[in-house]
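The structure appears right after this line, and notes come after that.
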There are 2 protein chains.
Amino acid sequence: MGPSIARGTRERILEVAEAFLGERGYNGTRLHHIAERVGVQKASLFHYFPSKEELYRAVLEHGVGDSERTITRALESRGTPLERVCQLVESWIELVAAHPQRLKILLRQSLGDAPPGYQTPDHDRLVALVVGFLTEGQEAKVFPPVDALATVLGVIGMVAFFFTSAPVLAPSWCGDPSSADAVERVKRHVTDVMHRCLAGGGEAGTGRRPAVA
Amino acid sequence: MGPSIARGTRERILEVAEAFLGERGYNGTRLHHIAERVGVQKASLFHYFPSKEELYRAVLEHGVGDSERTITRALESRGTPLERVCQLVESWIELVAAHPQRLKILLRQSLGDAPPGYQTPDHDRLVALVVGFLTEGQEAKVFPPVDALATVLGVIGMVAFFFTSAPVLAPSWCGDPSSADAVERVKRHVTDVMHRCLAGGGEAGTGRRPAVA
DNA sequence: GTCTATATAGGGATAGAC
DNA sequence: GTCTATCCCTATATAGAC
């Protein structure tokens, strides 16, 4: 994180744009509104960014790197493999709670809300990092034989849903998903699920269902 | 499902619109494109729907009701409570796989991609139905004391992510999420997780973590 | 570097013939 | 009920003064 005060106009534009892109999406965001909130004329935006699409790309790059650092750091931490997985989950949840807009932008991207012709980058490398950790644990018989890739993607899906869609589709879930209470509840639930799914070692887990129904 | 052949123009418009709204979103969908794919002039759309917004609402209503029927039917089925939960999960996954666009539209809605001023309807009643089932099971000591609401929303989030975002953000996940293989894999994983989280009765589950880290 | 003014295009919506 | 033609607004982007 850079200095949080006395930012230049370019940084303020990026910040406001990130908020709008998260809240309204690429197609729904008006340069007009960004300029207004920054407190500048619309034409001035084109002094810093040649087009709306380039502004979009700049916002994306601006938010990249945090996730990767969080993941590698957590996997290298001390503790049992299960503790490290939970450490990773909790760190990532905090990251998401701190920057909900970034996750929303990624989700929108995956749904196709991006500049025309924009190639959505994949995140296979990052996912593979965690999947590899789980697989190694399974080979060492410390994790049960669950579907490792599905487990990782499932956690991402749960957390993403808790912080973006759930508050809207099921208001009974929580008021402000970024509140300390909500963050704590998500952490507790996800780590609880991880314990239930990854504890018990290499033998068939607690309640693995017998066969196809 | 109505007759699938010799549909009227209105039905064809609804069908094509559903596809576009799922794929491009409300703001990204051009009436021009809908008309083109239907094989009709743009102005003709206004003979059937007074505005883009009304077309959007019609598409939504057209896809409502299936989910509710699926849920109530599964919860009233035979079997142990856990079997009924898994039955519900599998039925719902099939429904999602059969109509991925509908889920995408709902997700987009929750992200705010809807007509200006549109009030996204909540689904609290439907969620509460399943949560109630879990809570009763917990009071009867057949389910462990997990966070029931979080469990339900977590499953929704996982499945939603598997079928919409995961194929784009992590292409290693699967090629076509609606393929029989992919559907089977999702079913297996989610019911596996349900077994691990809901089996074992009312005592503290397998690996419930001791306290806050 | 920021402004006012304007060019240009695209898309939602309407009019009216057939 | 479907078409052609057109209106009109909005939004991106540019030109050029200060």
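Every chain is numbered from 1, with letters handed out A, B, ... down the list of sequences.
A donor-acceptor pair is defined here as one N or O able to donate and one able to accept, closer than 3.5 Å; no such pair exists between the side chain of Arg196(A) and the backbone of Val193(B). Checked by atom type and distance alone, the side chain of Gln138(B) pairs as donor or acceptor with a backbone atom of Pro144(B) at under 3.5 Å.
Here the P atom of nucleotide dG11(C) and the CZ atom of Arg30(B) are 5 Å apart, to the nearest Å. The separation between Leu31(A) atom CG and dT8(C) atom P is 20 Å, rounded to whole Å. dG11(C) atom C1' lies 12 Å from atom CD1 of Ile34(B), rounded to whole Å. One can place CZ of Phe49(A) at 15 Å from P of dT14(D), the figure rounded to the nearest angstrom. In this structure, the CG atom of Asn27(A) is 13 Å from the C1' atom of dG10(C), given to the nearest Å. Across the protein-nucleic acid pair, Phe46(A) atom CZ and dT14(D) atom P stand 7 Å apart, rounded to whole Å. We find that OH of Tyr48(A) is positioned 18 Å from C1' of dT14(D), with the value rounded to whole Å. In this entry the distance linking NZ of Lys52(B) with C1' of dT10(D) reads 13 Å, nearest Å.
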Atom pairs under 3.5 Å: protein N/O with N/O of nucleotides 3-6 of chain D:
from	atom 1	to	atom 2	distance (Å)
dC3(D)	OP2	Gln41(B)	N	2.7
dC3(D)	OP2	Ser44(B)	OG	2.9

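Which of dA11(D), dT12(D), dT2(D) sits closest to the side chain of His47(B) comes down to dT2(D). In the set dA13(C), dA13(D), dT2(C), dT2(C) carries the atom at the smallest distance from any side-chain atom of Thr9(A).
The pair Asp113(B)-Arg24(A) does not meet the salt-bridge criterion, since no charged nitrogen lies less than 4.0 angstrom from a carboxylate oxygen. Residues Arg30(B) and Glu36(B) are not paired through a salt bridge, judged by the lack of any N-O separation under 4.0 Å between the basic side chain and the carboxylate.
Screening Phe20(B), Tyr56(B), Tyr118(B) against Tyr26(B) for a ring-ring contact (aromatic ring centres under 6.0 Å, His included) leaves a single residue, Tyr56(B).
Applying the salt bridge (charged side-chain N to carboxylate O under 4.0 Å, His left out) test to pairs two or more places apart or on separate chains, those with a residue in residues 44-56 of chain A are Glu53(A)-Arg57(A).
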